[in-house]
Amino acid sequence: MVSGTALIYDEEMTRYRLLWDYPVCSIEVPERLSVSYSELQIQGLVERCISVPVREATEEEILLAHSQDFLEAIKTTQNMDVEQLKAFASQFQDVYFHQNIYHCAKLALGATLQLVDAVMTKKVRNGIALVRPPGHHSQHSAANGFCIFNNVAIAALYAKKMFDLKRILIVDWDIHHGQGTQYFFEDDPSVLYFSWHRYENQEFWPNLPESDYSTVGKGKGAGFNVNVPWNKIGMQNSDYLSVFFHILLPMAYEFNPELVLISAGFDSAINDPEGKMCATPACFAHLTHLLMSLAEGKICAVLEGGYDLHSLSHCICHTVKAFLGDPVPHLLNISSPCDSALESIQNVRAVHQQHWAFLRSLPISMKHQNVNDDKKLEQFCNEEIHTSSPNYCPLPPKRTAVALLGEKIELPDRCLKINLDSVPSDEIWSFKDSTVEGQKDSLHLQKNLCSVMMKIFQKEVQNGLAAVPCLLEAIKAVLSFCTTCANSVSRILVLYLGDKDYPVSLEDDGNLLLIQMSTKKLKGRESKYHIPIFLPKEGNNVKGVLHALFSLILPVAYMYNPDLVVTALSCQSGVDKKILNQLTSLLQGLAEGQLLCLIHDPEVSFLEDTICSLLGDPILPVTDGVLQGEAIQEVEQQRQRLQEQWGILKTQVTRTE
Ligand SMILES: NCCCNCCCCCC(O)(O)C(F)(F)F
Ligand SMILES: [Zn+2]
């Protein structure tokens, strides 16, 4: 199984800087790399990564995207004096040159291609290249916005050529629009380019009309270019997550990429002078985590912008920790996106409706411009970054799934088997035949589940798995354990996939959030904390689970912010096993990864796959990610109904009374 995170960095890329007075370029300084790298060292992350050396890109590789004339012109900068460099720079917009910048631009591109090679040849699972100069503004024959060669665009062209890839996703979370990258792939359906960027109705640099949501791609590429404009500053974690849940993730799963490239600019984080946004460094751990279930985990993050050295270095550390599979930290106060963000989300979904199945059957209308939302500027967060990160992060608990199984399957050695012999031998279960009929059996159930839970709460393991004879019994056992023994757990999310009516009456005190996916319309009380999700069956296949996951379950779960997540699944549920594995992986972004999987009457292969998900191993992509209409309608109706109580579910600006 492929593992390991590549870290590609060379201090040679710090050896160029601005040599004359040019204010718009003064923020692009060498310390961006050196400070970030030393923070990675301080947090003990360098030695946990696999160091891959940089190399110089070849001319042939540069010419994959750029013209020969442009390359020859850049070469001449090596022998220029400052006046000549200044004159040379004046032909481009917001970019400076240095005698060593051509060398560094070849190293930045070479580093990027080394990363693609390492991931595609399975030497590592994922990785990050800390490079400068950045790339996403540079174009066929033009340098632009601190960028010389378009590192990520060339990485995509290189990956298509060298590895015969047919579908590559580029996620550009830098706060500036990567117009350069957009131009390269505008008519190319094999590269899905997603970018959010500060736009302020074209008031913000690079002030282009084609950066707005209405630019969706041309010809065969229509639908494969996605621009999400931020028309206000001060966007927060909820705004960023909403765009992932309601736009990027459904598209990405439908596109089913073979490789994910991130134009990882961190000027979209709090305290950055360019972005003026409020998303915290921890948010980038979640953005990274949410992408890691795609392409069997093959993700290459390439640094673009980021100008507040403190914010930048912490964002990079959070991204690397997520790549390493560390538990992702709680995000607090997730709530409804602001009206300006909602307006952008609504417009993007409307204009892409005809191109994406998950949108096709929905009644979405374009929202007229500039809803006068209270300017986020007043709320501009000047709060310190929540970097309570200790100088040296203790290694996280072993990522082991605690499995309660008979002798049935070989557990990977990273699994901690509950020492069932601690339970008197005559009580050891073989689940196949056992049913919870008498008090005795349910006592066993309690005992075994308690030992798994104890290990989770003692941080001896990250998560756990238990095969149980009866899901509802097991859920009750877990809940009673938490109320009695684990006072640190105040909010439990239970995701129950089954048709039985949940037995206990649900107090609406918020300690328990039960989301129940069922193929029959459940009668009985629905409340804020008991969310039944009806999913129609087609044959014996349940449809719409993935759509429910993105547009309902994950948003509500993030807003609820549980201390423990419990999934209760049964193999007979008719849900595609690969989809259940995606669900198990994505839910680990909650509760700092404290997840307990209860499985009824499991098949061995499903247990093994679930254990892989719990161990953070790459999981198989969902091939038939294309979603069915009627299931989407059902989920959509439930989303409409719930969005008043769970604001993160909103995707349209609610009419002001
Ligand atoms: N304040 C308005 C002036 C903007 N001047 C140019 C900004 C360039 C941004 C570069 C970047 O951050 O997008 C990259 F990732 F490429 F480095
Ligand atoms: Zn930027």
Side-chain angles (χ1 to χ4, degrees), residues 13-14 16-18 21-33 35-36 65 89-98 101 104-105 108-109 111-112 128-139 142-155 170-184 193-208 211 227-230 233 235 240 261-277 279 284 287 301-309 311-313 315-316 319 377 380:
M13 284 182 279
T14 65
Y16 79 91
R17 59 186 171 77
L18 181 56
D21 180 34
Y22 190 179
V24 288
C25 290
S26 58
I27 50 175
E28 207 295 303
V29 296
E31 290 73 20
R32 296 178 57 233
L33 289 195
V35 168
S36 300
S90 66
Q91 68 185 303
F92 302 114
Q93 190 194 51
D94 287 16
V95 56
Y96 68 87
F97 290 85
H98 180 282
I101 199 168
C104 294
L109 177 54
T112 305
I128 185 166
L130 298 183
V131 301
R132 68 186 278 271
H136 69 152
H137 298 300
S138 72
Q139 299 147 47
N144 179 283
F146 314 156
C147 303
I148 308 297
F149 302 138
N150 195 321
N151 304 316
V152 167
I154 296 172
I170 298 176
V171 177
D172 187 335
W173 68 42
D174 186 285
I175 205 58
H176 298 91
H177 181 221
Q179 85 280 35
T181 309
Q182 170 171 296
Y183 298 151
F184 281 118
Y193 177 65
F194 167 92
S195 172
W196 62 38
H197 34 270
R198 185 177 167 187
Y199 188 58
E200 291 175 301
N201 300 306
Q202 209 176 322
E203 292 298 307
F204 188 70
W205 188 91
N207 313 88
L208 299 168
S211 300
N227 286 332
V228 180
W230 299 123
I233 58 172
M235 292 299 168
Y240 284 14
L261 302 175
I262 304 176
S263 263
F266 296 101
D267 42 15
S268 41
I270 190 167
N271 287 351
D272 188 278
E274 276 290 301
K276 294 195 184 332
M277 298 297 172
F284 290 88
L287 302 184
V302 182
L303 181 65
E304 298 277 7
Y307 305 100
D308 177 277
L309 303 186
S311 182
L312 170 63
S313 51
C315 289
I316 289 172
T319 302
L377 191 59
F380 174 49

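Each ligand, and each atom within it, is numbered from 1 in the order the structure gives. These values consider heavy atoms only, across backbone and side chains, with no hydrogens, waters or symmetry-generated copies.
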> In ligand 1, which numbered atoms sit nearer than 4.0 Å to a non-hydrogen atom of His136?
Replying inline: 11 (C), 13 (O), 14 (C), 15 (F), 16 (F)
> Quick one: which ligand 1 atoms are inside 4.0 Å of a heavy atom on His176?
Replying inline: 7 (C), 9 (C), 11 (C), 12 (O), 13 (O)
Can you pull out the closest protein heavy atom to [atom]? Residue, atom name and distance to 0.1 Å, please.
{"atom": "atom 13 (O) of ligand 1", "value": "His137 NE2, 2.6 Å"}
{"atom": "atom 5 (N) of ligand 1", "value": "Asp94 OD2, 2.8 Å"}
{"atom": "atom 17 (F) of ligand 1", "value": "Tyr307 OH, 2.8 Å"}
{"atom": "atom 1 (N) of ligand 1", "value": "Glu274 OE2, 2.8 Å"}

For [X] and [Y], test the side chains for any donor-to-acceptor distance below 3.5 angstrom and give the result as yes or no.
{"X": "Gln182", "Y": "Asp172", "answer": "no"}
{"X": "Asp174", "Y": "His197", "answer": "no"}
{"X": "Gln93", "Y": "Trp205", "answer": "yes"}
{"X": "Asn151", "Y": "Glu304", "answer": "no"}
{"X": "Asn150", "Y": "His136", "answer": "no"}

> Does Cys147 have a heavy atom less than 4.0 Å from any atom of ligand 1?
Replying inline: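 Contact present.
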> Which bit of Asp267 is near ligand 1, meaning a heavy atom under 4.0 Å away: side chain, backbone, both or neither?
Replying inline: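 It is the side chain that touches ligand 1; the backbone stays farther off.
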>> With a cut-off of 2.8 Å, does Glu304 put an N/O/S atom close enough to the Zn ion (ligand 2)?
In response: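 No.
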> Has Glu274 got an N/O/S atom less than 2.8 Å from the Zn ion (ligand 2)?
Replying inline: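 Not a single backbone or side-chain N, O or S atom of Glu274 is under 2.8 Å from the Zn ion (ligand 2).
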>> As an exercise, state the distance from CZ of Phe194 to CH2 of Trp173, rounded to the nearest 0.5 Å.
In response: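 Interatomic distance, Phe194 CZ to Trp173 CH2, rounded to 0.5 Å: 10.5 Å.
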> What pair of heavy atoms forms the shortest contact from Cys25 to Val95, and how long is it?
Replying inline: SG-N, 3.8 Å
> What N/O/S atom of Asp267 is the closest to the Zn ion (ligand 2)?
Replying inline: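 Nearest N/O/S atom of Asp267: OD2.
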> Do the non-hydrogen side-chain atoms of Phe266 and Tyr307 ever get within less than 4.5 Å of each other?
Replying inline: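 Answer no - side chains too far apart.
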> Cationic tip of Arg17 within the cone over Tyr96's six-membered ring, i.e. under 6.0 Å and within 45° of the normal?
Replying inline: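 Output no; distance or angle outside limits.
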>> Considering both backbone and side-chain atoms of Trp205, is one of its nitrogen or oxygen atoms within less than 3.5 Å of a nitrogen or oxygen in ligand 1?
In response: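 So ligand 1 has no N or O lying under 3.5 Å from an N or O of Trp205.
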> Taking the Zn ion (ligand 2) as the vertex, what is the angle from OD2 of Asp174 to ND1 of His176, given to 10 degrees?
Replying inline: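 Centred on the Zn ion (ligand 2), the OD2/ND1 angle is 160° (to 10°).
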